Amino acid sequence: MLRVPIIRKEYDRVRTGLRKRGYDDDALTILDHVLKYDDQRKQTQNELDELLSIRTQKSKNIGALIGQGKKEEAEALKTEVGVLKKSIEQLENQLRDAKEKLNDALLNIPNVPHELVPAGTKESDNELFKAWDGTMPQLDESALPHWELAKKYNIIDFEIGAKITGSGFPLYRGKGSKLQRALINFFLEEAGKQGYEEIIPPLMVNADSGMATGQLPDKEGQMYHVTADDLYLIPTAEVPITNIYRDTILNADEFPIKVTGYTPCFRREAGSYGAHVKGLNRVHQFDKVEIVRIEHPDHSYQVLDEMLAHVESLLQKLGLPYRILRLCGGDLGFTSAITYDFEVFSAAQKKWLEVSSVSNFETYQSNRMKLRFRNEAGKNQLAHTLNGSALALARIVAALLENYQKSDGIDIPEVLVPYTGFERIE
RNA sequence: GGAGAGUUGGCCGAGUGGUUUAAGGCGCACGCCUGGAAAGCGUGUUUCCCGAGAGGGAUCAAGGGUUCGAAUCCCUUACUCUCCGCCA
């Protein structure tokens, strides 16, 4: 979340930034509420500290008097301190109240967009950062969408998935399953070559973790909640991986921190319907390889570029037409300062599908999770967190199947053959 | 699931209601010593809030309670370890 001193000192910048997200004057009053609650907090804290100081002092005196055998004086002092108790209790309640209000307000303020982020509220306001300048796949008239191909070659079964669990939980089988595993391994190996440490994290997280990366409270309804144990199924590996570093003070020489992990991802996608959810376009469970970086604030934007280049190289190796969007303020995730979306062209559907989202959160997440490093001056400073999909599988599979289809089979991109062990799906 | 024992600073570890400071050790930083180093000696070393500073407050797993006063006593929760049960 945002730090109060920033809201105070850079008030105008914060307001301008939030306007890009569509905040009007009315919505912006939340900033003034923050300042008000913070003032209340400080004042109450000061008053309380003073009383506590007096209490401690007098209590020590009581101890000393008892030690000297001066019982009556001690008793008198006890009554005196007893009077303080009520005021202390009252101030403690006030303080708790002010902190709670302050925290609630802060939790509801999203990150301030980077200056490069275009203003806007609609998808069409996203900026085309990099257009596809190569050739588009030429498909026959008879080309099929991926859900038809999945059926034709018996590689993905949506109906059985729906029977076992529900719609949006596809079952991969045979070469479909092997292709899935090949892509996961390919992505992990490529990340490994770039120096990312591979991990396998827990697939369920507690509320603290969800809060730290910002899924809670903002996206409460988007996660599957296991109520019996109050745990959440992860919507992305970002959550468990970034939370490795929750409540941590790093040494500056521990940078760069580069972690990658494959996990299934679970999303309720409440409110989605129609053509958007056809086939693999939008599912409740999908596989994804995520890359996460924890960085010194001075380098995070250079690192963001590195991450973009990495994702781009994956798409190039897979031979998929792609474009890169710079998200507008309204489309930007709650916690993100800047986000680039990668979309691949799914040639039979004639649709661009989002397959990666690469973001710099600056200090928004690290402030929530108390992730700091000791800087050159020896002070503890918030680190920057970044992450990106590299890549999300389901839609990549959709595009691969559609774009590489021939009348009698589907070719496997050359780069994947060592991982699949076969060259065609027939 | 049952029973028991635990959780103290970067790490180890003492501390069963009060005598301004959570003992001591290790590690780390700086200084003295040295030709240089080691050893030795000295000083410093949790984090957060308020404050220009001096200083004040909080912090002994978390949250409540008892008390003039809680690391210490009581309650709840989480986690760790041991044993039993179940189990891939």
Side-chain angles (χ1 to χ4, degrees), chain A residues 1-9 34-107 200-212 216 225-232 240 243-255 257 363 365-383:
Chain A
M1 55 187 131
L2 300 183
R3 283 163 295 163
V4 178
I6 296 291
I7 297 176
R8 211 177 274 285
K9 288 183 206 148
V34 163
L35 296 182
K36 188 181 81 192
Y37 296 140
D38 189 50
D39 287 339
Q40 279 172 13
R41 192 204 101 236
K42 278 190 204 175
Q43 199 196 328
T44 312
Q45 180 82 66
N46 282 335
E47 288 170 20
L48 177 63
D49 283 357
E50 199 174 323
L51 291 191
L52 288 176
S53 181
I54 294 169
R55 185 187 72 178
T56 306
Q57 198 48 56
K58 294 204 169 170
S59 291
K60 279 174 186 163
N61 291 344
I62 292 171
L65 288 172
I66 291 173
Q68 292 162 21
K70 298 178 181 169
K71 284 222 170 100
E72 280 153 42
E73 288 179 48
E75 285 305 319
L77 207 44
K78 273 191 194 181
T79 346
E80 206 178 303
V81 183
V83 177
L84 282 179
K85 267 187 104 167
K86 259 192 186 152
S87 313
I88 287 175
E89 208 170 301
Q90 198 186 338
L91 284 171
E92 276 173 347
N93 288 336
Q94 271 181 37
L95 183 64
R96 189 177 305 129
D97 187 53
K99 279 183 171 173
E100 213 169 278
K101 281 180 179 161
L102 176 63
N103 202 259
D104 284 351
L106 285 172
L107 283 175
I200 300 176
L203 302 182
M204 288 196 259
V205 295
N206 56 34
D208 283 346
S209 292
M211 195 72 77
L216 294 174
H225 188 189
V226 181
T227 50
D229 297 284
D230 197 19
L231 296 172
Y232 295 86
N243 269 282
I244 294 171
Y245 298 95
R246 172 150 54 89
D247 286 319
T248 300
I249 301 176
L250 300 160
N251 283 316
D253 62 10
E254 290 179 72
F255 295 131
I257 290 175
T363 58
Q365 292 182 329
S366 58
N367 190 37
R368 279 201 186 180
M369 71 171 76
K370 303 283 169 275
L371 163 51
R372 292 156 293 174
F373 70 100
R374 217 173 288 283
N375 68 16
E376 299 72 14
K379 290 265 168 105
N380 294 330
Q381 188 183 341
L382 294 171

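Worth saying up front: this structure is predicted, and the values here are computed from it rather than measured. Chain identifiers are assigned alphabetically (A, B, ...) following the order of the sequence lines, protein sequences preceding nucleic acid strands; residue numbering begins at 1 within each chain.
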Separation of [X] atom [atom1] from [N] atom [atom2], in whole Å?
X         : N      : atom1 : atom2 : value
Asp230(A) : C79(B) : CG    : P     : 12 Å
Leu65(A)  : G69(B) : CG    : P     : 16 Å
Asp208(A) : G63(B) : CG    : C1'   : 13 Å
Ile88(A)  : G69(B) : CD1   : C1'   : 11 Å
Ile54(A)  : U20(B) : CD1   : C1'   : 17 Å
Asn367(A) : C49(B) : CG    : C1'   : 14 Å
Lys99(A)  : U59(B) : NZ    : C1'   : 11 Å
Leu250(A) : U46(B) : CG    : C1'   : 16 Å

Taking the [atom1] atom of each, how far is [N] from [M], in whole Å?
N      : M      : atom1 : result
A71(B) : G64(B) : P     : 15 Å
U77(B) : G40(B) : P     : 50 Å
G25(B) : U45(B) : C1'   : 15 Å
U16(B) : U20(B) : C1'   : 22 Å
C26(B) : C41(B) : P     : 9 Å
G56(B) : A5(B)  : C1'   : 40 Å
A22(B) : G17(B) : C1'   : 15 Å
A62(B) : C48(B) : P     : 16 Å

Using distance only, find each side-chain donor-acceptor pair of residues 40-51 of chain A under 3.5 Å and give its atom names and separation, not counting sequence neighbours.
unit_1, atom_1, unit_2, atom_2, d
Arg41(A), NH1, Asp38(A), OD1, 2.3
Gln43(A), NE2, Glu47(A), OE2, 3.1
Thr44(A), OG1, Gln40(A), O, 2.6
Gln45(A), NE2, Asp49(A), OD1, 3.0
Asn46(A), ND2, Lys42(A), O, 3.4

Minimum heavy-atom distance between Ala74(A) and Ile66(A), given as atom pair plus value: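 Residues Ala74(A) and Ile66(A), closest heavy atoms: CB-CG1, 3.9 Å.
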[X]: partners by salt bridge (charged side-chain N to carboxylate O under 4.0 Å, His left out), with sequence neighbours left out:
X         : result
Asp104(A) : none
Asp39(A)  : Arg8(A)
Glu75(A)  : Lys78(A)
Arg372(A) : none

Complement of [N], any strand, by Watson-Crick or G-U distances under 3.5 angstrom:
N      : answer
A52(B) : none
A39(B) : none
U47(B) : A58(B)
G69(B) : none
C86(B) : none
U80(B) : A5(B)

Val83(A) and Thr79(A): CA distance, side-chain angles, deciding distance, side chain to side chain contact (heavy atoms under 4.5 Å, CB included) verdict: CA-CA 7 Å; Val83(A) 177; Thr79(A) 346; 5.8 Å; no
Below 4.0 Å: OP1/OP2 of C48(B) and any side-chain N or O of Asn380(A): yes
side-chain contact (heavy atoms from CB on, under 4.5 Å) involving [X] - partner list, sequence neighbours excluded:
X         : value
Lys60(A)  : Thr56(A)
Thr363(A) : Arg3(A), Ser366(A), Leu382(A), His384(A)
Asn103(A) : Met1(A), Leu107(A)
Ala212(A) : Asn243(A), Arg246(A), Met369(A)

Reading 5' to 3' through nucleotides 50-56 of chain B, protein heavy-atom contacts under 4.0 Å coded B for base, S for sugar-phosphate only, - for none: S-----B
Side-chain heavy atoms of Leu106(A) within contact of Val34(A), under 4.5 Å: yes
So which protein N/O to nucleotides 64-68 of chain B N/O distances come out below 3.5 Å?
unit_1, atom_1, unit_2, atom_2, d
C68(B), O2', Ser59(A), OG, 3.2

I'd like a list of close polar pairs between nucleotides 71-78 of chain B and the protein, N/O only, cut-off under 3.5 Å.
none

Parallel, tilted or perpendicular: ring planes of His225(A) versus Tyr232(A), cut at 30 and 60 degrees: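 His225(A) and Tyr232(A): parallel rings.
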